[in-house]
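Notes follow the structure.
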Amino acid sequence: MSLPRRQVLGLAAGAGAIAAAAGVTAAMTAPSVLRAQDRNAVLRFAWWGGAGRHEATLKALALFERRHGVRVKAEYMGFNGYLERLTTQIAGGSEPELMQINWAWLAMFSKRGNGFADLNQHAALLDLAQFDRGDLAYGEVAGKLNALPVSFSARVMLWNQAAFQRAGLALPTSWDELFATGPAFRRALGEEAYPLDGELYDMMLLAQAWVQQRHGVAYVDPAEPRVAMSEAAALDWVRIYRRLIAEHVATPLPLRASLGGAEKPTEQQPDWVVGRWAGNYTWDSVIALRASTLDQQQKLVLGEFPTLPGALDSGMFGRPTVMYAVSRQAERRGKAEIAAKLTNFLLTDPEAAALLGRTRGLPSARGPFEQLKAAGALPPLEVAAHEQIQRQRESGRLKRPAPLFEHARLHKFMREVFETVAYGKTDDLGAARRLVTEGQALLQRIK
């Protein structure tokens with residue numbers, strides 16, 4: 001599927017502007033000057049992101065070009081449309097040699113480990129010792145190393161401490177305290193004040209955390225394509241979600257939809273900016289975004305993760321923020337080795353780390369992480385969130401989720417079920433039964 005001409009022109013124009021600002025030439029807009037013997041050494045690299053990520057990545061690619069005498073063609077855009085374009089390219093064998101991907105896409109494009117190159121074949125070019133074994137495991141499919149993690153992200157509780165102080169409340173540290181904040185906020189600050197905001201998926205994940213703590217299972221089995229929740233567990237999932245809304249803890253979906261769209265990011269909500277919405281259950285990688293729009297009277301802090309007594313699984317949802325994968329076509333094109341070198345450069349090189357910073361989250365590779373930390377380039381709140389997540393991982397309480405949980409088709413189905421709950425179009429038991437029976441049938445089709 002080709003991009004509309006207007007979108008292609010817009011991408012090219014945006015590329016030129018960012019490249020000019022970065023002081024480098026983007027390969028997608030103007031060719032670099034090459035020696036004659038290097039004219040075939042063109043490596044394509046695709047990623048999505050915002051202007052800051054684009055500018056930093058272009059600077060890093062310019063450095064790589066100078067070192068290796070090759071040209072890297074940068075193919076970058078916003079997230080919308082990226083997966084669709086990549087899907088079409090992979091189907092036609094025309095994908096870039098190096099790609100930024102989501103972890104869940106391994107289950108879509110490489111079910112048996114053959115969809116991307118096996119990076120184990122190029123281990124001599126990769127500083128794999130910089131990664132924990134657990135991080136590397138996220139990129140393994142059927143014994144093949146299909147991708148490497150750039151960073152790891154998980155869900156955390158963010159609270160506006162100033163808003164809680166205005167309500168006369170301490171920050172919640174348990175589920176009971178969390179549910180009690182809803183009525184307390186309404187009494188103290190009015191009907192429009194909520195302790196927690198989040199998109200539908202955020203609240204689905206928060207409710208699932210309670211279920212994992214209570215029942216010991218997530219919705220999808222991490223080891224095989226099946227629904228792991230019993231009907232009773234799925235019913236609790238729906239009931240906890242409904243309770244978050246009914247007890248005025250979280251902003252209702254219809255309310256968010258009426259304020260510019262149900263998926264409008266929290267930091268763009270005026271009620272968040274002034275502290276009427278006082279919390280967010282979100283990725284630690286977006287802390288800076290959430291904090292960026294708060295007015296000067298607000299103060300964002302990290303909260304404790306609510307946990308039921310005796311729970312062995314925290315239910316905290318985490319996985320690589322983004323990953324790098326090399327195309328299986330790279331070997332045929334004679335570019336597998338240079339693609340592996342670029343991968344290693346972007347992930348572990350000190351100069352690249354200084355240029356890229358936190359544009360893709362806090363680095364998983366130890367060298368760049370310690371380098372940025374020593375340079376004071378990691379904000380304290382983000383470090384605190386990272387350490388909270390690491391404690392959960394090291395204790396074995398942050399379980400690896402099922403890749404199929406974030407499969408686009410299953411994600412769409414789950415959202416549809418919870419939307420019927422949010423708009424009162426189904427009862428709790430009916431929604432739970434759909435999640436189990438229809439979810440199981442869907443997993444069998446997409447496995």
Side-chain angles (χ1 to χ4, degrees), residues 79 102-104 153-160 163 171-172 175 178-179 181-182 185 194-213 218-220 236-269 271-273 276-291 293-294 300-307 314-319 321 361 385 388-389 392 398 401 405-406 408 410-423 431 435:
F79 183 74
N102 271 336
W103 171 65
S153 187
R155 294 289 178 137
V156 295
M157 305 297 302
L158 299 178
W159 300 115
N160 182 338
L171 299 178
W175 287 103
L178 175 62
F179 284 114
T181 60
F185 252 71
Y194 289 88
L196 191 61
D197 176 53
E199 300 170 18
L200 177 62
Y201 187 52
D202 301 331
M203 295 304 104
M204 288 164 54
L205 287 178
L206 181 58
Q208 183 183 236
W210 189 97
V211 175
Q212 286 183 243
Q213 294 173 19
Y219 178 50
V220 181
D236 275 345
W237 191 15
V238 176
R239 285 175 173 169
I240 292 298
Y241 168 77
R242 189 186 292 277
R243 188 179 173 194
L244 287 167
I245 306 305
E247 298 186 17
H248 204 81
V249 177
T251 49
L253 180 62
L255 173 62
R256 290 188 110 260
S258 72
L259 298 174
E263 304 306 310
K264 185 177 180 180
T266 294
E267 71 273 6
Q268 296 178 18
Q269 301 282 358
D271 288 293
W272 168 262
V273 174
R276 275 193 294 272
W277 297 356
N280 194 218
Y281 181 59
T282 190
W283 300 110
D284 68 300
S285 55
V286 301
I287 288 175
L289 267 179
R290 298 296 190 260
T293 59
L294 291 173
L300 196 63
V301 298
L302 179 70
E304 293 186 29
F305 199 81
T307 306
S314 70
M316 179 183 280
F317 188 81
R319 40 80 168 150
T321 314
Q388 182 184 89
I389 293 164
Q392 294 282 8
L398 195 163
F405 182 77
E406 291 191 313
L410 187 68
H411 187 77
K412 181 175 183 289
F413 162 72
M414 291 187 296
R415 290 180 61 89
E416 288 175 350
V417 173
F418 277 92
E419 282 174 0
T420 65
V421 176
Y423 283 96
L435 287 167

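For the numbers below, each heavy atom of this structure counts, side chains included, while hydrogens, waters and symmetry mates do not.
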> So does E263 pair up with R415, basic N to acidic O under 4.0 Å?
Replying inline: yes
> Is the shortest distance from a Lys or Arg side-chain nitrogen in R155 or D284 to a carboxylate oxygen in the other one below 4.0 Å?
Replying inline: no
Can you tell me how the ring of [X] sits relative to the ring of [Y], calling it parallel under 30°, perpendicular over 60° and tilted otherwise?
{"X": "W277", "Y": "Y194", "value": "perpendicular"}
{"X": "F405", "Y": "Y219", "value": "perpendicular"}
{"X": "W283", "Y": "F317", "value": "tilted"}

For residues [X] and [Y], report the shortest heavy-atom separation together with the two atoms involved.
{"X": "A422", "Y": "P254", "answer": "O-CG, 4.0 Å"}
{"X": "L200", "Y": "E419", "answer": "CD2-CG, 3.5 Å"}
{"X": "A209", "Y": "F305", "answer": "CB-CZ, 4.1 Å"}
{"X": "P401", "Y": "R319", "answer": "CG-CB, 4.4 Å"}
{"X": "A257", "Y": "Y423", "answer": "CB-OH, 3.6 Å"}

> Going from CG on L255 to CG on L259, what distance comes out if it is rounded to the nearest 0.5 angstrom?
Replying inline: 4.5 Å
> Quick one: which of R290, R256, R276 gives a side chain to side chain donor-acceptor pair (under 3.5 Å) with D197?
Replying inline: R256
Results of ring pair (Phe, Tyr, Trp, His ring centres under 6.0 Å) for [X] - residues two or more places apart only:
{"X": "F185", "value": "F164"}
{"X": "W272", "value": "none"}
{"X": "F179", "value": "none"}

>> Less than 3.5 Å apart, any donor N or O on the side chain of E406 or W103 sitting next to an acceptor on the other?
In response: no
